Amino acid sequence: MANYYTDIPELKYHLNNPMMERICELKERNYRDKDEFDYAPQDYADAMDSFDKVLEITGEITGEIIAPNAEGVDEEGPHCANGRVEYASGTRQNLGAMIKAGLNGMTMPRRFGGLNFPITPYTMCAEIIAAADAGFGNIWSLQDCIETLYEFGNEDQHSRFIPRICAGETMSMDLTEPDAGSDLQSVMLKATFDEQENCWRLNGVKRFITNGDADLHLVLARSEEGTKDGRGLSMFIYDKKEGGVDVRRIENKLGIHGSPTCELVYKNAKAELCGDRKLGLIKYVMALMNGARLGIAAQSVGLSQAAYNEGLTYAKERKQFGKAIIDFPAVYDMLSIMKAKLDAGRTLLYQTARYVDIYKALDDIAHERKLTPEERREQKKYAKLADAFTPLAKGMNSEYANQNAYDCIQIYGGSGFMLEYACQRIYRDARITSIYEGTTQLQTVAAIRYVTNGSYLTIIREFEAIPYSAEMEPLKARLVEMANKLEACMNQVKEAQNQELLDFVARRLYEMAADCIMSHLLIQDATKAPEMFAKSAVVYLNYAEAEVEKHCNFIDKFNADELASYRQ
């Protein structure tokens, strides 16, 4: 049977990044748990061995259980009866296997029953699972909502809720409403304090809630009467055991059928405050969404891998005009670009995950003791990098997942339009990735300040100083010219001092910056492991260079007076 970890050697390459030594040192607090927990690592080598073994177990479960169940889950889907959700039979089997293997609460401290894993290997597990069934990936990976509760909840909440997630209970984040999608400051679900019962009560409707009948919910609600903006919103914890929330319906979706997307009705539901009042959107949801966006980036890479696998296998087997279609330039061109986008997106994903790991570990240490001046500088550096890279990782990988799924169907030809082939499920599942947890347009909004303030350009110039192998060094001049074009376009738009123009070309500037960064990261990988990445590095640079040139030409020739022509 396939193992979705060992069959993809690129994953182990990214796991063994030199930054992991610092990440493990911070996450393990110099390996202090080894005297209390027999499964805690003794040192860095032991920690890395643990990650490798758990990833191998995840890959095995994915290959032997989740992947074979995927088509049946897609066809059956979850059911709603009497206000409750019943998962598809394959989903229940998947969850049982993951719980039995102890793959829940992975990033939580061992004192709560977790594995104390960094974000990076956990993100790899999410990618692996999504490559087999993105819908199930949604259910399993929502365990990372516990990160927000761990970061902002109190010790009593930690002790009551975190062990339950580590034991296998599920989570959801209840944010959006019928009239509040991307505009979360318009949330109106009402939270009122019940003086008699000394608890909060929630009333209203939530819509498009992934895994909406979960055991534990993090809920964004309006706690400050008379307010209409984000300053009146707080975060609450709702426990399904308390009752008061019914599933009105499960949405009939294009894809990710195994994941129940629910409309929820809160009727005087008992809840408790998580953190402080009024910070629900301003602070807590932002933290929650950044984690979710990294998760969707991982899901997107998994889908890209699945699409590439399907396309490659079919191209080798399908014969036309007396030879396998993989030997036709039109087909191997598509496959080479699919693989290049996959490798470029993956290296961006794990660079982002490592940045997140360092700053979050230092944040956690700061709750135990005062950080040293060096640690504070380190925390600030990586928090900024994580904030800058997360919208790139989410936005670009979700777009690449859609493009790779599209090309996979094209390789299949007419067969790809038939429902009996997995490529159509991958195509349907991929479509949501550039929409939920912040559309690509919103990722551009989040990232554009790092274009205009020069942060991305500074990162790119620092990458230019990194030595490349003799094979990759000739590519550097082309990378420098790509960055020069980004800088020229950025300056041109800034000098116009026209906000509407900046908004109009922001997506192009965003993609130019991402193309430059991913090109550098992939060529760094090709320098270290040419047998794995050299081909993709060359192909991706050709692709990215053309994309940068296209965007540069558009911006250079565009006149702000033409904006009116684009309004419909």
Side-chain angles (χ1 to χ4, degrees), residues 2 4 7-8 62-63 65-79 87-91 93-94 126-140 208 210 250-261 296-320 324-326 328 330-339 341-342 345 397-436 440:
Y4 276 55
D7 291 350
I8 308 296
T62 301
I65 298 172
I66 298 170
N69 282 339
E71 295 303 322
V73 168
D74 181 67
E75 184 176 349
E76 179 187 349
H79 312 281
Y87 293 131
S89 55
T91 302
Q93 186 181 2
N94 296 344
E127 180 200 323
I128 288 165
I129 292 165
D133 184 349
F136 176 70
N138 276 352
I139 297 170
W140 179 82
F208 295 154
T210 302
I250 296 175
E251 303 289 350
N252 186 21
K253 306 189 300 292
L254 176 69
I256 54 168
H257 287 167
S259 169
T261 303
I296 302 307
Q299 183 182 63
S300 299
V301 172
L303 284 161
S304 280
Q305 181 72 62
Y308 173 70
N309 289 348
E310 288 291 324
L312 180 64
T313 300
Y314 187 80
K316 288 178 177 178
E317 294 173 351
R318 175 68 169 167
K319 287 183 170 56
Q320 291 284 275
I325 65 171
I326 196 170
F328 293 107
V331 175
Y332 67 65
D333 172 49
M334 273 195 288
L335 283 164
S336 66
I337 292 174
M338 289 170 72
K339 182 61 162 62
K341 288 175 180 175
L342 169 61
N397 275 303
S398 62
E399 293 294 331
Y400 284 174
N402 276 275
Q403 293 163 21
N404 279 3
Y406 179 99
D407 283 346
C408 177
I409 284 182
Q410 194 70 14
I411 290 167
Y412 267 73
S415 295
F417 203 64
M418 302 299 117
L419 291 179
E420 62 258 39
Y421 292 96
C423 59
Q424 55 78 30
R425 174 176 56 83
I426 295 166
Y427 182 75
R428 289 185 289 103
D429 287 352
R431 189 62 192 89
I432 189 61
T433 60
S434 58
I435 298 172
Y436 63 5
T440 305

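Everything numeric in this text was worked out from a predicted model, so none of it was measured. Along the sequence shown, residues carry numbers from 1.
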> Please confirm whether the backbone N or O of Gly345 pairs with a side-chain atom of Asn397, one donor and one acceptor, at under 3.5 Å?
yes
> Rounded at 0.5 Å granularity, tell me how far CD1 in Ile296 sits from CD1 in Ile432.
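Going from CD1 on Ile296 over to CD1 on Ile432, the span is 8.5 Å.
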> List in chain and number order the residues that pass salt bridge (charged side-chain N to carboxylate O under 4.0 Å, His left out) with Arg431, two or more places apart in sequence or in another chain; answer none if no residue qualifies.
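Result, salt bridge (charged side-chain N to carboxylate O under 4.0 Å, His left out) vs Arg431: none returned.
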> Is it true that, when you exclude Phe417 itself, more than 12 heavy atoms of the residues, nucleotides or ligands shown sit nearer than 6.0 Å to its CZ?
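Open: at most 12 neighbouring heavy atoms sit under 6.0 Å from CZ of Phe417.
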> How long is the span from the NE2 atom in His257 to the CD1 atom in Ile250, to the nearest 0.5 Å?
12.0 Å
> Rounded to the nearest 0.5 Å, what's the gap from CD on Gln305 to CD1 on Ile128? Could you check?
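One finds 10.0 Å between CD of Gln305 and CD1 of Ile128.
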> When rounded to the nearest 0.5 angstrom, what is the spacing between CG in Leu342 and CD1 in Ile337?
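Here the interatomic distance stands at 13.5 Å.
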> Mind checking what makes ring pair (Phe, Tyr, Trp, His ring centres under 6.0 Å) contact with Tyr421, not counting sequence neighbours?
Tyr412
> Could you work out, with side-chain hydrogen bond (donor to acceptor under 3.5 Å, both in side chains) as the rule, every residue matching Gln320, not counting sequence neighbours?
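Per chain and number, Gln320 pairs via side-chain hydrogen bond (donor to acceptor under 3.5 Å, both in side chains) with no residue.
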> Of the non-hydrogen atoms in Gly416 and Cys423, which two are nearest, and what is the gap between them?
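That would be CA-SG, 3.7 Å.
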> Residues in side-chain contact (heavy atoms from CB on, under 4.5 Å) with Ala401, at least two apart?
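If we apply the side-chain contact (heavy atoms from CB on, under 4.5 Å) test to Ala401, skipping adjacent residues, the hits are Ser300, Leu303, Ser304, Ala430, Thr433.
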> Working to the nearest 0.5 Å, report the span between OG of Ser415 and OH of Tyr314.
3.5 Å
> Holding to salt bridge (charged side-chain N to carboxylate O under 4.0 Å, His left out), I want the full list of residues that pass it with Glu251, two or more places apart in sequence or in another chain.
Arg207, Arg249
> Could you report the tightest heavy-atom contact between Thr210 and Ser259, atom names first, then the distance?
CG2-OG, 3.4 Å
> Return the set of residues passing side-chain contact (heavy atoms from CB on, under 4.5 Å) with Glu399 (not counting sequence neighbours), or none when no residue passes.
Gln403, Ser434, Thr440, Arg507
> Which residues satisfy the side-chain contact (heavy atoms from CB on, under 4.5 Å) test with Glu76, sequence neighbours excluded?
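Once residues adjacent in sequence are excluded, the partners of Glu76 under the side-chain contact (heavy atoms from CB on, under 4.5 Å) criterion are His79, Ala88, Ser89.
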> For the residue pair Phe136 and Ile66, what are the closest heavy atoms and their distance?
CE2-CD1, 3.8 Å
> Which heavy atom of Val331 sits nearest a heavy atom of Ala315, and at what distance?
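Scanning both residues, the minimum pair turns out to be CG1-CB, 4.0 Å.
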> Just distance, no hydrogens or angles: give the donor-acceptor pairs under 3.5 Å from side chains in residues 404-411, sequence neighbours left out.
from	atom 1	to	atom 2	distance (Å)
Asn404	ND2	Met338	O	3.3

> For Tyr436 and Ile256, what are the C-alpha separation, side-chain angles and deciding distance, and is it a side-chain contact (heavy atoms from CB on, under 4.5 Å)?
CA-CA 12 Å; Tyr436 63 5; Ile256 54 168; 3.9 Å; yes
> So which atom in Gly311 and which in Leu335 form the shortest heavy-atom distance, rounded to 0.1 Å?
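Heavy atoms of Gly311 and Leu335 come nearest at C-CD2, 3.8 Å.
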> Excluding sequence neighbours, so at least two apart, what forms side-chain hydrogen bond (donor to acceptor under 3.5 Å, both in side chains) with Tyr308?
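Here no residue qualifies.
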> Run the side-chain hydrogen bond (donor to acceptor under 3.5 Å, both in side chains) test against Ser336 and tell me which residues pass, sequence neighbours left out.
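With neighbours one apart ignored, the set is empty.
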> Hey, what do you get for OG1 (Thr62) to CD1 (Ile129), rounding to the nearest 0.5 Å?
5.0 Å
> We want to know whether Asn138 and Gln299 form a side-chain donor-acceptor pair, criterion being a heavy-atom distance below 3.5 angstrom.
yes
> In this structure, are over 12 heavy atoms from other groups packed under 6.0 Å from Tyr427 atom OH?
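No, because the 6.0 Å sphere around OH of Tyr427 holds 12 heavy atoms or fewer from other groups.
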> Check side-chain contact (heavy atoms from CB on, under 4.5 Å) between Asn69 and all other residues, then give those that pass, not counting sequence neighbours.
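Per chain and number, Asn69 pairs via side-chain contact (heavy atoms from CB on, under 4.5 Å) with Ile65, Val73, Gln93, Asn94.
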> Locate the shortest heavy-atom distance separating Ala132 from Ala70; write the atom from each residue and the value.
O-CB, 3.4 Å
> Tell me every residue that passes salt bridge (charged side-chain N to carboxylate O under 4.0 Å, His left out) with Lys339, counting only those two or more places apart in sequence or in another chain.
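Expected list: Glu10, Asp343.
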> Has Asp429 got a side-chain atom pairing as donor or acceptor with Gly255's backbone, closer than 3.5 angstrom?
no
